[in-house]
Amino acid sequence: MSIFQKPDRHHLIVTSCVLVWIFIVNIAAIVLGLISWPLFFVTIFFFGLGASPKNIPSIFVGGTLGLAAALGLYAGTFGLAPSLGLLGAFAVSIGIVLTVIILGGTVCPVACNNVAFAYLTVATVNFEEITPALIGNHLVTLWVGGAIILGGSILAAKLGEKLAGPAHK
């Protein structure tokens with residue numbers, strides 16, 4: 001078994017169309033000055049989860065929960081800090097957030113999943129700078145930008161399918 005494979009013409013054309021679309025969105029995000037990680041996570045999870053359209057709800061809902069959890073973690077930590085101290089407030093807040101995401105996955109896996117955990121993690125990298133406005137911007141970028149990059153990727157793949165013709169097996 002080789003670690004390399006020779007792509008067939010069909011696969012190369014379809015993949016190239018998706019590549020061009022993702023390249024265009026990358027450039028557009030820079031030109032528009034977006035904090036663009038929320039939209040790029042959409043494609044990371046889409047392709048990482050097998051490029052199946054059935055996973056799209058879990059990606060968007062999980063991402064939304066993760067961003068809301070980041071805001072909740074921030075609000076809980078700094079809201080409870082005067083009475084519990086910073087460490088105590090963080091411990092209570094992270095305990096609640098982790099319980100919701102991890103145990104909630106047994107009840108509502110479309111929202112409480114690895115996507116939520118990833119969005120929570122990245123959104124809290126600069127924990128002290130979290131604000132409702134920042135999380136709101138991330139949510140808009142997730143939903144609008146994510147729909148644009150993912151919808152465009154799906155359309156680019158369909159265009160590639162038409163350009164490439166039938167796949168040979």
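All values reported here derive from a predicted model rather than from experimental measurement.
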Is the side chain of Y74 donor-acceptor paired with the backbone N or O of T131 at a distance under 3.5 Å, no angle test? no
Heavy-atom nearest pair, A123 first then L67, reads CB-CD2, 3.7 Å
The reported gap from CG in L163 to CZ in R9 (rounded to nearest 0.5 angstrom) is 8.5 Å
Side chains of W37 and T141: do they bring a donor and an acceptor to under 3.5 Å? no
For a quick test of your reading: what N or O donor-acceptor pairs under 3.5 Å do the side chains of residues 83-93 make, sequence neighbours left out?
unit_1	atom_1	unit_2	atom_2	d
S83	OG	L80	O	3.1
S93	OG	G76	O	3.4
S93	OG	T77	N	3.1
S93	OG	A89	O	2.9

What is the distance from atom SG of C17 to atom CD of E161, rounded to the nearest 0.5 Å? 9.5 Å
Within a 6.0 Å radius of atom CD1 on I35, are there more than 12 heavy atoms belonging to other residues, nucleotides or ligands? no
I'd like to check I154 versus I56 (side-chain heavy atoms, cut-off strictly below 4.5 Å). Are they in contact? yes
Note: P53 and A51 closest approach over all heavy atoms is CD-O, 3.6 Å
When rounded to the nearest 0.5 angstrom, what is the spacing between CZ in F23 and OG in S16? 13.5 Å
V14 side chain reached by H10 side chain, heavy atoms, under 4.5 Å: yes
Could I get the full list of ring pair (Phe, Tyr, Trp, His ring centres under 6.0 Å) partners for F47, not counting sequence neighbours? none
Nearest 0.5 Å please: distance from the OG1 atom of T64 over to the CD1 atom of I59. 11.5 Å
Dump the intermediate steps for side chain to side chain contact (heavy atoms under 4.5 Å, CB included) on S58 and V115, then the final yes or no. CA-CA 8 Å; S58 292; V115 177; 5.6 Å; no
Are I148 and L39 side-chain neighbours, meaning at least one heavy-atom pair lies under 4.5 Å? no
Quick one, F45 and N55 - any side-chain contact, counting heavy atoms below 4.5 Å? no
Specify the closest pair of heavy atoms between A69 and L120, including all atoms of both residues, with the distance to one decimal. C-CD1, 3.9 Å
Hydrophobic cluster membership, F41 vs V144, 4.5 Å side-chain cutoff: yes
Is there a side-chain contact between V107 and C112 in this structure, where contact means two heavy atoms from C-beta onward sitting under 4.5 Å apart? no
Could you tell me whether F127 and F78 have their ring centroids closer than 6.0 angstrom? yes
Connected via hydrophobic side-chain network under 4.5 Å: V97 and V61: no
So which heavy atom on T121 is nearest to which on T124, and how close? O-OG1, 3.1 Å
Below 4.5 Å, heavy atoms only, C-beta onward: do F60 and L150 meet side chain to side chain? yes
Heavy-atom check, side chain of P7 versus side chain of T15, under 4.5 Å: no
Non-hydrogen side-chain atoms of Y119 and L65 separated by less than 4.5 Å: no
With a 4.5 Å cut-off on side-chain heavy-atom distances among I, L, V, M, F, W and Y, is there a chain of contacts connecting L155 to V18? no
Spell out, yes or no, whether V42 and I44 are grouped together once hydrophobic residues are joined by side-chain heavy atoms under 4.5 Å, including indirect joins. yes
Between atom NE2 of H138 and atom CG of L71, what is the distance when rounded to the nearest 0.5 Å? 10.5 Å
Going from CG on L139 to CD1 on I135, what distance comes out if it is rounded to the nearest 0.5 angstrom? 7.0 Å
Within the side chain of N126, is there an N or O that forms a donor-acceptor pair under 3.5 Å with the backbone of E129? no
When hydrophobic residues are tied together by side-chain contacts of less than 4.5 Å, even through go-betweens, does I101 share a cluster with V110? no
Heavy-atom count check: over 12 atoms from other residues, nucleotides or ligands less than 6.0 Å from N137 CG? yes
What are the two closest non-hydrogen atoms of W21 and A156, and how far apart are they? CB-CB, 4.0 Å
